[in-house]
Amino acid sequence: MILEDFNLENAERRLCNEALTTAGNIVGAAALLGITRHALKRRIIKLGLEWPRRGGESAAVSASASAHTS
């Protein structure tokens, strides 16, 4: 992975997205990143990532992220 800049939040967003895409689930992605699933869930909310990508929990994550940033 090559980072275009030294923005830590953008790097964290890319790493989380890539881990989620590669693993296909939060538990596997957290293992790839070397963090707990709870830590990954906090990052998903903090970064406003949409997960899972199809229906279900993504609306809740997006709502939580919107409420958190307001």
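All values reported here derive from a predicted model rather than from experimental measurement.
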Minimum heavy-atom distance between Leu20 and Trp51, given as atom pair plus value: O-CH2, 3.5 Å

Atom pair CZ (Arg13) and NZ (Lys46), whose distance is rounded to the nearest 0.5 Å: 9.0 Å

Exercise: identify the closest heavy-atom pair between Leu40 and Cys16: CD1-SG, 3.9 Å

Arg43 side-chain N/O to Glu12 backbone N/O, donor-acceptor pair under 3.5 Å: no

Stepwise side-chain contact (heavy atoms from CB on, under 4.5 Å) check, Asn17 with Leu47: CA-CA 10 Å; Asn17 267 327; Leu47 298 169; over 6 Å; no

side-chain hydrogen bond (donor to acceptor under 3.5 Å, both in side chains) pairs, two or more places apart, involving residues 23-39: none

Sequence-distant partners of Ala23, side-chain contact (heavy atoms from CB on, under 4.5 Å), two or more places apart: Ala29, Leu32

